[in-house]
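Reading through the structure tokens given below for one structure.
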Protein chains: 2
Amino acid sequence: MARLAGVSRATVSYVLNNAEAVRISEPTRRKVREAAEELGYVPHAAARSLRAGHTRIVLLPTSHVPVGPLYSTFLNELQWALRRLDYTVVQYGSLGLSGDEAVRAWAELRPVAVISLGEITLSARNVATLKRAGARAVITMGPVAVPGAHALVMDQQEVGVRAAAHLVERGRGRIGVVVPEEEGLELFSVPRLAGARSVAGAEVTALPMAYSEESAAALAARWRGLGLDAAFAYNDEYAMLLMRALQDEGLRVPEDVAVIGADDLLIGRLLRPRLSTVRLEMPTGAHLASLVDHAVREPSEVTERHDLMAAAAVHREST
Amino acid sequence: MARLAGVSRATVSYVLNNAEAVRISEPTRRKVREAAEELGYVPHAAARSLRAGHTRIVLLPTSHVPVGPLYSTFLNELQWALRRLDYTVVQYGSLGLSGDEAVRAWAELRPVAVISLGEITLSARNVATLKRAGARAVITMGPVAVPGAHALVMDQQEVGVRAAAHLVERGRGRIGVVVPEEEGLELFSVPRLAGARSVAGAEVTALPMAYSEESAAALAARWRGLGLDAAFAYNDEYAMLLMRALQDEGLRVPEDVAVIGADDLLIGRLLRPRLSTVRLEMPTGAHLASLVDHAVREPSEVTERHDLMAAAAVHREST
DNA sequence: TTGAAAGCGATACCAC
DNA sequence: GTGGTATCGCTTTCAA
């Protein structure tokens, strides 16, 4: 744009970046600003980052659009906090890509940090690729730790443990664990199931169920034959579907069947009886943002640390 | 990377882009591929697009994380379809940015297309800025059309009309319309309210309510004094909160109060009585993707067209 | 079939 | 104070 405003490109750059090292006369500044405004000039991020050798992009892969207010509040907070730290938050839709393909695509953008929310599992090689491509921080939030990355491990097994322990405490030992039939949730559902199995006094039956009323009704229809006195559903949504179907079958909750979900979704509080659940303590968005920032500034200090998130049962009326 | 694999950078480019115009010997190809693999080489998107003069980025601004399976299915479909057409889908979190700020930030990335889902209202100037920055298609999905952009107008007013008309048909004329207290939803809630008001035989009272159990309970507590026989809530989530609170107050649904929501969320079917709702006919993700692709290839043909989405009431048990 | 070199837009060093 | 200019990594035209 520049020269058409009467000055050189260098001068434009100085003015628009408020360069301190160099003094520009006020009339010139004004001229440049006005020209930029008039032309609707916007700097070219690609050129800038090519020159600079790095970007300020924080990449958030999203394969499934997140569901639930807990998750979306977290995401909003995170984005807001990162922008305040002058990062550009880019969500990259990675649905249907394999891990390797996805990582290549991310790396092309040369993000300074990647926060993987766990839908795609990264290998040590993947992390290395990202780092070679300029990522100073790779943070994973998921069920398992990843070599080379800072991991915030959401201990899904602990969710299962808490749920089953809660039921056993309340005198229920024959527990049906609802496992989603939908693909892509295994990373969460398998450890949750395993956690439940590991609890002393719990006799666990795995119950596949899809996220639909029909599937829930079918499961409820054969419930009496299963000889169970409690259900732990994959999450509150599955729990709600099941609980409703059980009630439609004439079973009383919690008298005949205790039902517990997970993830503490708001909707769990809207049903009657109110749904007991297991809550996972997420870090706040601001906390994670400052972790990212720290990792970007001092990569050596933060790499390879593993933090564990706690889980706790929340007792309401359904158990 | 290249020269370290024994060939020139040009050759690398040819091989990795499968250039047809030029024939490269098979041994060379293999050498290049192996070197790339070994070094974990990933091309630099910024350099590429700088050289090419354009990107394949389709930018999806997201300010609020979308809620509900209808919306998220749509988004997943859209991303998947766009990637099949070889676009890079980038969601840009724009929460807390003004329209002008957001547009500048988007324009810096030089997207070839922008699909604004309606949380931020674009001005004609904004659209012009994006186009000058290389956007060949600007598509808005929202309550209002935008000059210069291809608009998919979701007629929010029609949602209000359908809801109120449905209630009037069923003999309810004194309608409370729940309006969210949360910020950022005005673009949807105001026309929905206006639409309801415009229906003959409907006497409408606006009822501010926040998305919390407390707020719903407070509203329910003063319900009998309002002299209303029906409620149209902003969407199914607000409807569920309100319906539950009304029932806790001892009011019967639909006998004492008919309740209707909007957006046809799955959870609406889990409550008893099942929630009546108004459904907005969204285009499929694949449809929108091909619209984008067409607009990118032939911008002149598509600009400024306005398509209207239909809305229809779905009767269940709560009305 | 492969290599050399120009150039995309922004920046920062160095002269003037 | 301001204007040239080399540079980032990649693609593509032209020569060899």
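Note that the structure is predicted; figures quoted are calculated from it, not measured. Residue numbers begin at 1 in each chain, while the letters A, B, ... track the order of the sequences.
Between the NE2 atom of A:His54 and the C1' atom of C:dA10 there is a distance of 13 Å, rounded to whole Å. In this structure, CZ of A:Arg30 is placed 13 Å from P of D:dT2, rounded to the nearest angstrom. Rounded to whole Å, atom C1' of D:dG1 lies 12 Å from atom NZ of A:Lys31. Straight-line distance from the NE2 atom of B:His44 to the P atom of D:dT7: 17 Å, rounded to whole Å. Here D:dG9 presents its P atom at 18 Å from CZ of A:Arg48, a figure rounded to the nearest Å.
At the heavy-atom level, A:Arg51 lies under 4.0 Å from base atoms of the strands shown. Using a 4.0 Å heavy-atom distance criterion, B:Thr28 is classed as a sugar-phosphate-only contact.
A donor-acceptor contact shorter than 3.5 Å links the side chain of B:Arg56 to the backbone of B:Asp86. Remark: side-chain polar atoms of A:Arg104 are not paired, donor with acceptor, to backbone N or O of A:Thr129 under 3.5 angstrom. Formation of a donor-acceptor pair under 3.5 Å by the B:Ser94 side chain with backbone atoms of B:Tyr92 is found in this model. The backbone N or O of A:Leu60 sits nowhere less than 3.5 Å from a side-chain atom of A:Thr62 that would complete a donor-acceptor pair. Remark: side-chain polar atoms of A:Ser98 are paired, donor with acceptor, to backbone N or O of A:Glu101 under 3.5 angstrom.
Taking 4.0 angstrom as the limit, A:Thr11 places none of its side-chain polar atoms (N or O) nearer than this to OP1 or OP2 of D:dT2.
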Nucleotides 13-16 of chain D: which of its N/O atoms have a protein N/O under 3.5 Å away?
from	atom 1	to	atom 2	distance (Å)
D:dT13	O4	B:Tyr14	OH	3.1

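Taking every side-chain heavy atom of B:Leu50 into account, C:dC8 is the closest of C:dC8, C:dT11, D:dT11.
Comparing the helix axis at one end of the helix from C:dT1-D:dA16 to C:dC16-D:dG1 with that at the other, each defined from 5 consecutive pairs, gives an inter-axis angle of 50° (nearest 10°).
Ion pairing of A:Glu37 with B:Arg125 is present here, as a side-chain N (NZ or NE/NH1/NH2) and a carboxylate O approach within less than 4.0 Å.
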Take B:Val58 and B:Gln79 through the side chain to side chain contact (heavy atoms under 4.5 Å, CB included) test and state the conclusion after the steps.
-> CA-CA 9 Å; B:Val58 175; B:Gln79 299 204 10; over 6 Å; no

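Summarising the local packing, CZ of B:Arg84 is surrounded by 12 or fewer heavy atoms from other residues, nucleotides or ligands at distances under 6.0 Å.
At a cut-off of 3.5 Å, with distance as the only test, no side-chain donor of A:Ser290 or A:Asp293 sits close to an acceptor on the other residue.
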